[in-house]
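Below is one structure, written out as structure tokens; comments come after it.
If you read the sequence from its start, that first residue is 1, and numbering goes on from there.
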Amino acid sequence: MTKNIAVIADSSFAISKEDQQKYNIYIIPTPIIFNEKIKYDSDWSSPAKFYKEMNSAKNLPTTSMASPADVIRAFDQAKADGYQQAILMTLASGISGFYNLAVNMANDYEGLDILVWDSKYTLMVSGVQALLAAELSAQGLTRDQIIEKVRQLRDRTHVFIVVDDISHLKRTGRLAGGTALVAGLLNIKPILTFNDESKIVAIGKERQMKRAWAWLLKQFSTDLAAFDRPVRVQFADANNRELTEKWQADLHSKYPNILTDFIRIGPLIGVHTGEKAVGFVYMPDWKDIARN
């Protein structure tokens, strides 16, 4: 029997091994260049160990795009497993050239009809798009139907990042705009987001995380009224779980019925955010979209 639609994602989506197996999602590894060696997220047993190494490194790490060989390997595996169509989901095209590489490779590949999807984000913010696509594929929806529902999720997603140290994003070239907003200021907490071109831009600044959280909570309150589905919130942190747990508790005290998840900012994205960064994300609940 011909299988429905294969879902392929890059490793920046941070999908757990359990969910990869449960939803049969193919993962393309994205490398980290650390001390002139190629490494991957899995080379560190915990984010804390990675940040400890990064904070003491003479040559700070960076990232590179997935190798064409690893991309072809994922395509070949999906085809061998009996799929004729696939959706390849990539991290935000505004912060990586992988989307353009993927489009070119998908167009040249034979034997598997591949559509490349720009998730416009990263981490499990993008990962839930892959989970939704895989769940809908299992339900037997067409690729066009899957993409329409994933688009509903992606286009209603709000992402905010508060970094403890802006220097890493500037060093790796991932801060696209608003540098004047944060340049030359000490002891501030820049509030960042993804713009319409999926580039990271600064939209605010506060001198304390407490004030940054107040800013985020006010924005959430404003946006909440526009949702017509249950809302799911993700708290992300780069080895700063104590703070995100405080934020979660405060959110639940004000909105007790809101669904919340914790996601970690591991080595692959932590290279760019630095340690102690935190994220606040809200979107329609992907499981509700899958049911309806």
Side-chain angles (χ1 to χ4, degrees), residues 9-17 19-20 27-66 90-92 94-98 119-128 130 159-176 182 188-194 198-202 209 212 216 234-248 261-281:
D10 70 67
S11 61
S12 78
F13 283 36
I15 300 170
S16 69
K17 293 289 186 183
D19 279 342
Q20 290 175 34
I27 300 296
I28 300 171
T30 304
I32 300 167
I33 312 302
F34 202 148
N35 292 329
E36 300 182 351
K37 295 181 180 179
I38 295 177
K39 294 193 171 187
Y40 297 91
D41 263 16
S42 58
D43 289 326
W44 289 274
S45 59
S46 70
K49 290 188 176 181
F50 165 75
Y51 291 117
K52 183 178 180 180
E53 285 188 31
M54 186 174 80
N55 292 339
S56 61
K58 289 184 178 179
N59 299 314
L60 290 171
T62 186
T63 56
S64 180
M65 286 190 293
T90 74
L91 77 165
I95 61 173
S96 171
F98 182 57
S119 74
K120 294 195 174 182
Y121 302 109
T122 187
L123 294 174
M124 272 301 288
V125 184
S126 297
V128 293
V159 177
F160 300 97
I161 309 158
V162 186
V163 294
D164 193 60
D165 182 354
I166 199 70
S167 66
H168 295 287
L169 282 165
K170 294 167 72 175
R171 169 180 63 83
T172 60
R174 294 317 194 268
L175 186 61
V182 296
I188 67 157
K189 311 302 178 188
I191 300 171
L192 313 172
T193 192
F194 286 82
S198 69
K199 297 178 183 294
I200 298 175
V201 295
M209 280 294 190
L216 295 170
Q234 294 178 334
F235 292 97
D237 71 90
N239 199 31
N240 203 358
R241 184 55 53 86
E242 182 179 355
L243 178 61
T244 52
E245 286 179 347
K246 288 181 179 178
W247 286 10
Q248 183 205 46
D261 299 312
F262 288 107
I263 58 178
R264 70 176 194 173
I265 301 175
L268 185 60
I269 303 302
V271 163
H272 306 289
T273 65
E275 190 177 19
K276 302 303 180 184
V278 290
F280 180 59
V281 182

Under 3.5 Å donor-acceptor, Ser126 side chain and Tyr121 backbone: yes
Aromatic ring pairing Phe34/Phe50, orientation class (parallel under 30°, perpendicular over 60°, tilted between): perpendicular
Asn55, CG: over 12 other non-hydrogen atoms inside 6.0 angstrom: yes
Residue pair Ile95, Phe194: steps toward the side-chain contact (heavy atoms from CB on, under 4.5 Å) verdict: CA-CA 10 Å; Ile95 61 173; Phe194 286 82; 4.2 Å; yes
Nearest-0.5 Å distance, CD1 of residue Ile27 to NZ of residue Lys17: 8.0 Å
Heavy-atom side-chain proximity of Val125 to Ile263 below 4.5 angstrom: yes
Inter-residue atom distance Phe98.CZ - Leu91.CG, 0.5 Å rounding: 8.0 Å
Heavy-atom closest contact (Lys39 atom, Glu53 atom, distance): NZ-OE1, 4.4 Å
Heavy-atom closest contact (Val271 atom, Thr62 atom, distance): CG1-CA, 3.5 Å
Within-4.5 Å side-chain heavy-atom neighbours: Lys276 and Tyr51: no
Exercise: identify the closest heavy-atom pair between Leu268 and Ser11: CD2-OG, 3.9 Å
Minimum side-chain heavy-atom gap Gln234-Val128 below 4.5 Å: yes
Ile32 side chain reached by Tyr40 side chain, heavy atoms, under 4.5 Å: no
Any donor-acceptor N/O pair, Asn239 side chain to Glu275 backbone, under 3.5 Å: no
Heavy-atom closest contact (Ser96 atom, Met65 atom, distance): OG-CG, 4.1 Å
Residue pair Asn59 / Asn35: nearest heavy atoms and the distance that separates them: O-OD1, 3.9 Å
Residue pair Met209, Val278: steps toward the side-chain contact (heavy atoms from CB on, under 4.5 Å) verdict: CA-CA 9 Å; Met209 280 294 190; Val278 290; 4.0 Å; yes
Test side-chain hydrogen bond (donor to acceptor under 3.5 Å, both in side chains) applied to Thr30 and Ser12, step by step: CA-CA 7 Å; Thr30 304; Ser12 78; 5.6 Å; no
Minimum side-chain heavy-atom gap Leu216-Val162 below 4.5 Å: yes
Value rounded to 0.5 Å, distance of CG in Asn240 from NZ in Lys246: 9.5 Å
Straight-line distance of Ile161 CD1 to Thr273 OG1, nearest 0.5 Å: 8.0 Å
Trp247 and Phe280 aromatic ring geometry - parallel, tilted or perpendicular at 30°/60° bounds: perpendicular
Between CG on residue Leu123 and CD1 on residue Ile15, distance to nearest 0.5 Å: 11.0 Å
Audit row: Ile33, Thr63, side-chain contact (heavy atoms from CB on, under 4.5 Å) steps and yes/no: CA-CA 6 Å; Ile33 312 302; Thr63 56; over 6 Å; no
Whether Asp237 side chain and Leu243 backbone form a donor-acceptor pair below 3.5 Å: no
Exercise: identify the closest heavy-atom pair between Ala92 and Ser119: N-OG, 4.1 Å
Trace of the salt bridge (charged side-chain N to carboxylate O under 4.0 Å, His left out) decision for Lys189 with Asp164: CA-CA 6 Å; Lys189 311 302 178 188; Asp164 193 60; 2.7 Å; yes
